Amino acid sequence: KHIVCCCLGDAVTDVIVSVRSDADVLRRCATDATSSLGGCEVVHSREDLERMMISPSTTENVETKFGGSAANVARGIGNLMHHYYGNDDENTTTTTTTTTTTTGGGGEEERIRVYFSGTIADDVEGNLFLKDLSKNRVRAEKRETIRVVENTNESSAKCVSFVNTETGQRTMRTYLGASKKKPEVEKVLEIFREGRDDETETTPITTRLLHCEGYALYDPKFLVSLITKAKELEEIDGQKVLVSIDLASFEVVRNSRETLLKLLVQKPGFVDILFCNEDEAKALVEVIPELFDEREHAANEEGEEYKIEPMVAKTIAKKINGTCVVTQGKRGCRCYSVSSLTTHGDEEEVHHIPAPVLKTVVDTTGAGDTFTAGFLFAYLLSANGEDIQRAARLGCKAASKMCGVVGCELGSTEWEEIINARTK
């Protein structure tokens, strides 16, 4: 089968700053009186971001990495594909990121492509960002899926991530820069159209996935238009287009009530898979309480403080008639899928998938994105996208590996270990 996956988001370069105390983080990154630890807030000027990067210590550890939530997911899927199929670098070029294998005895060829769509400035950071995507087997071409802002006064997006060296918790502040402008909808949709290929012969597409990071909710007109037109492709060629959204942060949820209602309730079938973490799950209940009939029962059960996550997973999956995954950090994740209900007949309980035990958490940056990459990779390769427990296990394994390194970048050994966990 020919799988095409496009990850839509901001092209962000991460500056990772290691700090020793939460107090130091708040002193440097507070944008207003409501600023708190954890999560991600938007900074509205480059000057404010640069001010946060000024350190009173000359020994502070600072590293620069390539990030962006959706881009991290794309890199993860690209690396998982590469190590799963055992391709050497001669089979991957900067102009096409296709992975092929022959399955079974019938000689059927399986093809998988990963794209990233976003916006950069034509500056050093933006061009290095695209080069890094290519290195990680993700296709991202200027003026195709990548919009380029020519304004010399604008810069590519940057995020300062303060990481507490004691707890591994990160607090992020992002300047969007050129990413405030979104890519062209038609350029994104073009990669999903039947038969698009770099080669002379066309290959039918059997599976299409549009993965959107939650920050896209801040531009509801663009996001709803893109998803609407992506879903319309199904009517044209009969092939389903799956849409997944990662809610990104509790601040995004709190500021996106109307858009979330539209996507999750008013337009059933628009979103097939929703990802959120425990803080975002709680924010959903706070922001859209009318969706959760069971919330009072969950809150009143003494000693069951974590009941909220399975409730959200089950409720949202039923609302969207799809799948919902709630990640719970070191406790793993909760997941529920309506497709499992349909397949097995009887209603199933919400699955709990435990996370691997870690002796030391170095940095949680990118762990959620890497979970999403592992989940989607396994989900897309399953026969009908129904084995969510297996997908969630791979997601937990991938996330645990990411917690053991600084920044969202794993080596070949770690990717191999993740793949080995899938094949066991």
Side-chain angles (χ1 to χ4, degrees), residues 3-9 11-14 16 63-101 110-118 128-141 145 207 209 211 213 244 246 275 327 356 362-382 390-424:
I3 300 172
V4 173
C5 172
C6 180
C7 298
L8 171 82
V12 183
T13 298
D14 289 336
I16 302 164
E63 293 189 60
T64 299
K65 304 278 187 179
F66 298 104
S69 177
N72 287 337
V73 173
R75 293 185 191 97
I77 296 175
N79 279 292
L80 287 168
M81 287 192 307
H82 177 72
H83 289 87
Y84 179 67
Y85 293 120
N87 280 22
D88 57 32
D89 289 335
E90 292 179 356
N91 292 334
T92 306
T93 72
T94 57
T95 58
T96 176
T97 54
T98 302
T99 303
T100 63
T101 188
E110 190 174 63
R111 301 170 61 84
I112 304 178
R113 290 187 175 212
V114 184
Y115 293 78
F116 173 75
S117 182
L128 287 175
F129 189 93
L130 298 190
K131 185 176 180 180
D132 179 75
L133 286 171
S134 177
K135 183 186 74 174
N136 286 280
R137 301 159 188 90
V138 178
R139 180 169 180 166
E141 292 186 3
T145 61
T207 305
L209 171 70
H211 175 71
E213 63 181 47
S244 62
D246 186 329
F275 296 95
T327 57
V362 176
D363 178 10
T364 59
T365 302
D369 300 331
T370 310
F371 173 93
T372 300
F375 184 99
L376 290 175
F377 172 75
Y379 186 92
L380 289 170
L381 290 186
S382 64
R390 188 177 188 184
R393 280 193 291 271
L394 192 71
C396 285
K397 180 69 174 179
S400 70
K401 287 293 181 184
M402 190 59 70
C403 289
V405 300
V406 174
C408 194
E409 186 174 344
L410 295 178
S412 293
T413 300
E414 288 84 7
W415 289 119
E416 288 285 356
E417 290 174 351
I418 296 168
I419 287 299
N420 290 339
R422 180 185 186 273
T423 56
K424 286 180 181 178

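What you see is a predicted model, and the numbers here were worked out from it, not measured in a lab.
The minimum heavy-atom distance between Leu130 and Ala140, with the atom names listed, is CD2-CB, 4.2 Å. The minimum heavy-atom distance linking Pro356 with Ser400 is given by the pair CG-OG, 3.6 Å. Residues Cys403 and Ala367 come closest through the heavy atom pair SG-CB, 3.7 Å. Between Phe371 and Cys396, the shortest heavy-atom distance links the atoms CD1-N, 3.4 Å. Across every non-hydrogen atom of Asn79 and Arg137, the tightest pair is OD1-NH1, 3.4 Å. Heavy-atom minimum distance, Met402 versus Leu410: CE-CG, 3.5 Å.
Counting heavy atoms from C-beta on, the side chains of Phe116 and Thr145 never come closer than 4.5 Å. Residues Val73 and Glu213 form no side-chain contact, since every pair of their non-hydrogen atoms from C-beta on lies 4.5 Å or further apart. At least one side-chain heavy atom of Phe275 sits under 4.5 Å from a side-chain heavy atom of Ser244. Looking at Asp14 and Thr64, their side chains never come closer than 4.5 Å, going by heavy atoms from C-beta outward. Side-chain contact check for Ile77 versus Cys5: some heavy-atom pair is nearer than 4.5 Å. When side chains are defined from C-beta on, Thr372 counts as touching His211, because their heavy atoms get closer than 4.5 Å. Contact of the Ile3 side chain with the Arg113 side chain is not registered, since no non-hydrogen atoms from C-beta on lie closer than 4.5 Å. Within the 4.5 Å cutoff, the side chain of Asp132 has no heavy atoms near those of the Leu128 side chain.
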Handout entry: Audit row: Trp415, Leu80, side chain to side chain contact (heavy atoms under 4.5 Å, CB included) steps and yes/no
Key = CA-CA 6 Å; Trp415 289 119; Leu80 287 168; 3.7 Å; yes
Exercise for the section: Step by step, work out the side chain to side chain contact (heavy atoms under 4.5 Å, CB included) result for Arg390 and Ser382. Expected result: CA-CA 9 Å; Arg390 188 177 188 184; Ser382 64; over 6 Å; no
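Taking CG of Leu380 as the reference point, atom CZ of Phe375 lies at 9.5 Å (rounded to 0.5 Å). In this structure, CZ on Phe66 lies 10.0 Å from CG on Asn136, to the nearest 0.5 angstrom. Leu394 CG to Tyr379 OH: the interatomic distance, rounded to the nearest 0.5 Å, is 15.0 Å. Here the straight-line distance linking atom CD of Glu414 with atom CD1 of Ile419 works out to 13.0 Å at 0.5 Å rounding.
Considering Glu417, Glu416, Glu409 as possible partners of Lys401, the one that fulfils the salt bridge (charged side-chain N to carboxylate O under 4.0 Å, His left out) test is Glu417.
The residues Arg75 and Asp369 are annotated as not salt-bridged, no charged nitrogen and carboxylate oxygen being separated by less than 4.0 angstrom.
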